[in-house]
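For ligands, and for the atoms within them, numbers begin at 1 and follow the listed sequence.
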Amino acid sequence: MTSSVTAIAHPNIAIIKYWGKRNETLNLPAAGSLSLTLGPIGTRTTVTWGQNSDSLTLGGQVFSGRELTKVSRFLDLVRAIQPGLGGAEVVSANDFPTASGLASSSSAFAALAVAATRAAGLQLDEPALSVLARQGSGSAARSVCDGFARMHAGKRQDGTDAWAETVFTSNHWDLRVVIGVTTEAQKEVKSTDGMNLTMRTSPYYQAWVDSVEPSIDQAMEAISTRDFARLAELAEASALQMHASAIAAVPGVLYWRGATVELIHAVRHWREREGVPVFFTIDAGPHIKVFTHAGHVADVAARLQQVPGVVRTITTQPAPGAATVSP
Ligand code: PMV
């Protein structure tokens, strides 16, 4: 019997960052993190079991190399839970560019985890889905969740306690995140490579790890009381501390471009001199993501577009976790 299920998942942005793995094979993080799932952009994936072999179509293009191997290994995890499924046909598409500065792997593996398990007749709960998605990509563990997600680093070797949970749902706070895209090029250093080099060689890495859990607790408090100014302080500190630890690696891992630095100054100027409610965060790339209130989003997007080096903006808002859709 073949069974086909379609799922949609959204990418997420970390407010308190994840940077470093305690186990690379299982994608076990060295510390926790805190994120917000962002829509309406997302990944839509259909999985159909009962095939002779696995196949992968991404954005209308058939893939057979490294990408298919990664997906097949992930599907093996589902086959280990439910033997006899055979091969799977995986058809997936993102409705946002992969070079947008948002981790497309976060929505990709969250959507695949939901579609593959449901098509196999399995009904996994949020922690089990998160553990599964994490094995595709560390940040995907958080895209299973609705709105704000707290990722637990866990202690177990098998990773069964390293999962993300929804801590405040997407309707808790009407925030917006405007992405300032600074280049259409793919990032130069993959996050896993940047993390590993930072862990191995940065004298600041341990200080970074030690700072994460207290920052998550403080950010949870700021989110619960919708304290924008406090969250601004904590989120910018987390992003800058993550990048500081990476820059201190040997050789230094530097994801920023000139436009990134200009944007940091611009966002701070708007907030401190002009009273605009904004704060920034930066992932493993040169783009900047700017948080604001819903009522200020048009103004913030227009301001970002005027900063030299910004090629375009994408506006996003809190979104639900990965879920199936009717075919
Ligand atoms: O799991 P990955 O490879 O998408 O790594 C994510 C790393 C950062 O985006 C820089 C931080 C984060 O917590 O998402």
Heavy-atom neighbours of Phe63 CZ exceed 12 at 6.0 Å: yes
Every pair of nitrogen or oxygen atoms between ligand 1 and the protein that is under 3.5 angstrom apart - can you list them with their distances to 0.1 Å?
unit_1, atom_1, unit_2, atom_2, d
ligand 1, 1 (O), Gly138, N, 3.3
ligand 1, 1 (O), Ser139, N, 2.9
ligand 1, 1 (O), Ser139, OG, 3.3
ligand 1, 3 (O), Ser191, OG, 2.7
ligand 1, 4 (O), Ser139, OG, 2.8
ligand 1, 9 (O), Asp283, OD1, 3.4
ligand 1, 13 (O), Tyr18, N, 3.0
ligand 1, 13 (O), Arg142, NH1, 2.9
ligand 1, 13 (O), Arg142, NH2, 3.3
ligand 1, 14 (O), Arg142, NH2, 2.7

Residue Asn52 excluded, over 12 heavy atoms near CG under 6.0 Å: no
Whether over 12 other heavy atoms sit under 6.0 Å from Gln157 CD: no
Listed partners of Ser139 passing side-chain hydrogen bond (donor to acceptor under 3.5 Å, both in side chains), at least two apart: Ser137
Any donor-acceptor N/O pair, His10 side chain to Ala319 backbone, under 3.5 Å: no
Centroid separation Phe228 to Phe291 less than 6.0 Å: no
